[in-house]
Amino acid sequence: MVNIAVLISGSGTNLQSLIDACNSKEISGEIKVVISNKESAYGLTRAKNANIKAIFEKDETKVLQILKDENIDLVVLAGYLAIISDEFINQYKNKIINIHPSLIPAFCGSGYYGLRVHKKAFERGVKVAGATVHFVSNVVDGGPIILQKAIDVSDCKSPEAMQEKILLNVEHKLLPEAVRLYCLGKVKVNDERVEIIWKEHL
């Protein structure tokens, strides 16, 4: 059983998708703790409602101690609007995954998060968009890509509509699938590229 920590800053809809996948045994892991750098984040309430330890903590040193105390194997950034340090990344190399609301390398990097991503994509008039789950590296949004999925967004009349369509139709499915594969030991990193072992071992 993989011990999972989820870091959030907001409402936690992607967190909820992970909670649901764990409860249904789709993911062979357990969310041990949810940590937010925003005290008002509704995601903390979602965690409490699911009987998961919920902690408001902004100090990274204290966050790292919490992860150590909980014997965390995998850290999931699910709408965590903070840049984590190189020390953090090095302690959990290829054990931190993030979901980004674009098809990396498009609309990513410093300054691209949340609705900002969709505003830029909408301004450019993109017809296809999506989300990416990737490992976190020392380069913002630059770590090895685990999964991506694209959908048609040509019918979206605003950045907000694009955000909602991608969140509901892509992110809420893609993140649990990436975590499921990781917990099964099917995600391997070779030369900064992710190899997914799809074939079941007999």
Side-chain angles (χ1 to χ4, degrees), residues 1-8 12-35 43 46-47 50 52-53 63-64 66-80 84 86 88-108 117 128-151 166-202:
M1 184 73 75
V2 176
N3 291 334
I4 303 166
V6 183
L7 275 55
I8 62 165
T13 60
N14 273 316
L15 165 65
Q16 190 64 56
S17 72
L18 292 173
I19 292 172
D20 294 344
C22 287
N23 287 341
S24 67
K25 307 301 181 185
E26 177 187 340
I27 292 174
S28 56
E30 179 183 358
I31 301 174
K32 301 287 287 185
V33 63
V34 172
I35 304 171
R46 291 181 188 274
I52 298 169
K53 188 178 293 186
V63 170
L64 284 169
I66 293 166
L67 300 181
K68 184 178 179 181
D69 292 343
E70 297 293 334
N71 296 313
I72 296 303
D73 305 303
L74 175 66
V75 179
V76 180
L77 308 183
Y80 188 60
I84 61 178
D86 289 351
F88 191 145
I89 293 166
N90 292 336
Q91 283 194 36
Y92 288 88
K93 183 173 175 59
N94 293 334
K95 293 181 179 179
I96 309 170
I97 67 174
N98 178 55
I99 185 154
H100 183 78
S102 78
L103 298 170
I104 292 174
F107 307 106
C108 69
V117 175
V128 176
T132 303
V133 180
H134 64 95
F135 283 112
V136 175
S137 73
N138 305 96
V139 178
V140 178
D141 296 329
I145 291 170
I146 302 170
L147 292 176
Q148 290 183 302
K149 185 178 179 182
I151 58 169
I166 292 170
L167 188 66
L168 295 177
N169 295 282
V170 181
E171 293 186 47
H172 290 174
K173 299 172 183 176
L174 202 66
L175 185 58
E177 175 64 4
V179 174
R180 183 187 77 84
L181 291 168
Y182 183 96
C183 290
L184 290 174
K186 294 184 176 297
V187 178
K188 305 296 181 185
V189 180
N190 296 314
D191 297 324
E192 297 304 307
R193 287 175 58 88
V194 169
E195 176 189 357
I196 297 176
I197 306 165
W198 293 105
K199 187 177 291 184
E200 298 293 334
H201 294 294
L202 299 177

message = Please evaluate residues Val170 and Leu167 with respect to the criterion side-chain contact (heavy atoms from CB on, under 4.5 Å), reporting the C-alpha separation (whole Å), side-chain torsions for both, the decisive distance (0.1 Å), and the verdict.
response = CA-CA 6 Å; Val170 181; Leu167 188 66; over 6 Å; no

note = Heavy-atom nearest pair, Pro176 first then Leu18, reads CA-CD2, 3.8 Å

task = Report the residue from Leu175, Asn14, Leu7 that forms a side-chain contact (heavy atoms from CB on, under 4.5 Å) with Val76.
result = Leu175

inquiry  = So, taking the atom named NZ in Lys188 and the one named OH in Tyr182, what distance separates them when rounded to the nearest 0.5 Å?
reply    = 9.0 Å

note = Residues Cys22 and Ile31: closest non-hydrogen pair is SG-CG1, 4.0 Å

Return all side-chain donor-acceptor pairs below 3.5 angstrom for residues 129-150, not counting sequence neighbours, or 'none' if the list is empty.
{"unit_1": "Thr132", "atom_1": "OG1", "unit_2": "Ser102", "atom_2": "O", "d": "2.7"}
{"unit_1": "Thr132", "atom_1": "OG1", "unit_2": "Ile104", "atom_2": "N", "d": "3.1"}
{"unit_1": "Thr132", "atom_1": "OG1", "unit_2": "Gln148", "atom_2": "NE2", "d": "3.0"}
{"unit_1": "His134", "atom_1": "NE2", "unit_2": "Asn98", "atom_2": "ND2", "d": "3.2"}
{"unit_1": "Ser137", "atom_1": "OG", "unit_2": "Val139", "atom_2": "N", "d": "3.2"}
{"unit_1": "Ser137", "atom_1": "OG", "unit_2": "Val139", "atom_2": "O", "d": "3.3"}
{"unit_1": "Ser137", "atom_1": "OG", "unit_2": "Gly143", "atom_2": "N", "d": "3.3"}
{"unit_1": "Asn138", "atom_1": "ND2", "unit_2": "Asp86", "atom_2": "OD1", "d": "2.9"}
{"unit_1": "Asp141", "atom_1": "OD2", "unit_2": "Gly109", "atom_2": "N", "d": "2.8"}
{"unit_1": "Gln148", "atom_1": "NE2", "unit_2": "Ile104", "atom_2": "O", "d": "2.8"}

message = Any side-chain to backbone donor/acceptor pair from His100 onto Pro105? Under 3.5 Å, distance only.
response = no

message = Can you tell me which residue among Leu15, Ile19, Ile4 is in a side-chain contact (heavy atoms from CB on, under 4.5 Å) with Val34?
response = Leu15

request  = Heavy atoms only: give me the nearest Met1-Glu30 pair and the separation to one decimal.
outcome  = SD-N, 3.9 Å

query = Which pair of heavy atoms, one from Lys53 and one from Lys32, lies closest together, and at what distance?
reply = CB-O, 3.6 Å

request  = Go through Tyr92 and Leu67 one step at a time and tell me if the side-chain contact (heavy atoms from CB on, under 4.5 Å) criterion holds.
outcome  = CA-CA 10 Å; Tyr92 288 88; Leu67 300 181; 3.3 Å; yes

query = Are side-chain heavy atoms of Leu64 and Lys68 found at a separation under 4.5 Å?
reply = no

request  = Could you tell me whether the side chain of Lys95 reaches within less than 4.5 Å of the side chain of Asp73, counting heavy atoms only?
outcome  = no

request  = Begin from the C-alpha positions of Phe107 and Val117 and carry the test side-chain contact (heavy atoms from CB on, under 4.5 Å) through to its verdict.
outcome  = CA-CA 6 Å; Phe107 307 106; Val117 175; 4.0 Å; yes

remark   = Smallest heavy-atom separation, Asn190 atom then Glu195 atom, equals ND2-OE1, 3.0 Å

ask   = Is Val33 close to Ile52 at the side-chain level, that is, under 4.5 Å between some pair of heavy atoms?
value = no

ask   = Are the side chains of Arg46 and Thr13 in touch, meaning some heavy atoms are under 4.5 Å apart?
value = yes

query = Which distance, rounded to the nearest 0.5 Å, do you find between the NE2 of His172 and the CG of Leu168?
reply = 6.0 Å

note = Value for OG (Ser17) from CD1 (Ile99), rounded to nearest 0.5 Å, stands at 7.5 Å

side-chain hydrogen bond (donor to acceptor under 3.5 Å, both in side chains) contacts in which one or both residues fall within residues 19-28, not counting sequence neighbours = Gln16-Asp20

task = With side-chain contact (heavy atoms from CB on, under 4.5 Å) as the test, would you mind laying out the steps for Ile97 and Leu77 before giving the verdict?
result = CA-CA 6 Å; Ile97 67 174; Leu77 308 183; over 6 Å; no

message = Give me the atom names and distance for the closest heavy-atom approach of Ile72 to Leu74.
response = CG2-O, 3.3 Å

ask   = Quick one: are Leu184 and Arg180 in side-chain contact, heavy atoms under 4.5 Å?
value = yes

